[in-house]
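Keep in mind the model is a prediction, meaning the values are calculated, not measured. The first residue in the sequence is number 1, and the count goes up from there. Values reported hereafter were calculated over all heavy atoms of this structure, with side chains retained and with hydrogens, waters and symmetry mates removed.
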Amino acid sequence: QMQLEESGGGSVQAGGSLRLSCAVSVYSSSNYCMAWFRQAPGKEREGVAAIDSDGTPTYKDSVKGRFTISKDNAKDTLYLQMNNLKPEDTAMYFCAAEFADALGYGGAVPPARGYTYWGQGTQVTVSS
């Protein structure tokens with residue numbers, strides 16, 4: 001079993017930065033992989049970045065070079081550092097996890113259906 005709780009969202013102007021955090025409460029010694037997703041009103045949930053249990057990251061093309069996913073195993077916390085934010089980054093951001101070393105999508109961010117555990121989300125709003 002696992003529980004996830006996001007924090008760090010907010011409102012910023014274009015070009016600004018935010019760091020999202022996802023606190024993990026896990027009741028298992030099994031390895032797990034994680035990801036950040038986002039969902040804007042009227043749009044489907046899309047994967048932004050993923051990280052394998054060994055720390056290998058993958059990113060959606062539109063955020064490469066701007067977003068960085070990382071994990072602090074000692075603190076059981078997942079992060080998403082977002083720089084040079086754009087209005088199109090506005091969405092509710094969710095962290096997700098699955099008990100697996102990786103979901104095996106060949107360098108692409110896995111789809112949402114691959115993850116069992118989800119947080120409640122944190123809102124990110126970027127104004128122009």
Are [Y] and [X] connected in a single hydrophobic cluster, I mean Ile/Leu/Val/Met/Phe/Trp/Tyr linked by side-chain heavy atoms less than 4.5 Å apart?
X	Y	result
Leu78	Met92	no
Ile51	Tyr115	no
Phe37	Tyr59	no
Trp118	Val24	no
Met34	Leu103	no

Establish, for the pair Arg38 and Phe94, whether the NZ or CZ atom is under 6.0 angstrom from the six-membered ring centre and no further than 45 degrees off its axis.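 Geometry flag: not set, cation outside 6.0 Å or 45°.
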Between Lys71 and Tyr32, is NZ or CZ placed under 6.0 angstrom from the six-membered ring centre and within 45° of the ring axis?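 Yes, a cation-pi geometry.
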All side chain to side chain contact (heavy atoms under 4.5 Å, CB included) counterparts of Ser70, not counting sequence neighbours: Tyr79
Side chain to side chain contact (heavy atoms under 4.5 Å, CB included) involving Ser7 - partner list, sequence neighbours excluded: Ser21
Any idea which heavy atoms bring Val126 and Asp89 closest together, and the distance?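 Heavy atoms only, the tightest pair is CG2-CB, 4.4 Å.
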Could you pull out the closest heavy-atom pair between Asp101 and Cys33, with the gap in Å?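 For Asp101 and Cys33, the tightest heavy-atom pair comes out as O-CB, 3.8 Å.
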Would you check if the side chain of Glu98 reaches a backbone N or O of Thr116 as a donor-acceptor pair within less than 3.5 Å?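 Flag set: sc Glu98 to bb Thr116 pair under 3.5 Å.
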Counting distance only, does the side-chain N/O of Thr77 pair as donor-acceptor with the main-chain N or O of Lys75 below 3.5 Å?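 Looks like yes, one N/O pair under 3.5 Å.
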Parallel, tilted or perpendicular: rings of Tyr93 and Phe67 (30°, 60°):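 The arrangement is tilted - the two ring planes meet at 30° to 60°.
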Under a 4.5 Å cut-off applied to non-hydrogen side-chain atoms, are Gln1 and Ser28 in contact?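 They are not in contact (no side-chain heavy atoms under 4.5 Å apart), so the answer is no.
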Should Gln3 and Tyr27 count as side-chain neighbours, where that means a heavy-atom distance under 4.5 Å?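 Yes. Closest side-chain heavy atoms under 4.5 Å.
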Neighbour count above 12 (heavy atom, 6.0 Å) for Glu5 CD: no
Set of salt bridge (Lys or Arg N to Asp or Glu O under 4.0 Å) partners for Lys86, sequence neighbours left out: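 Per chain and number, Lys86 pairs via salt bridge (Lys or Arg N to Asp or Glu O under 4.0 Å) with no residue.
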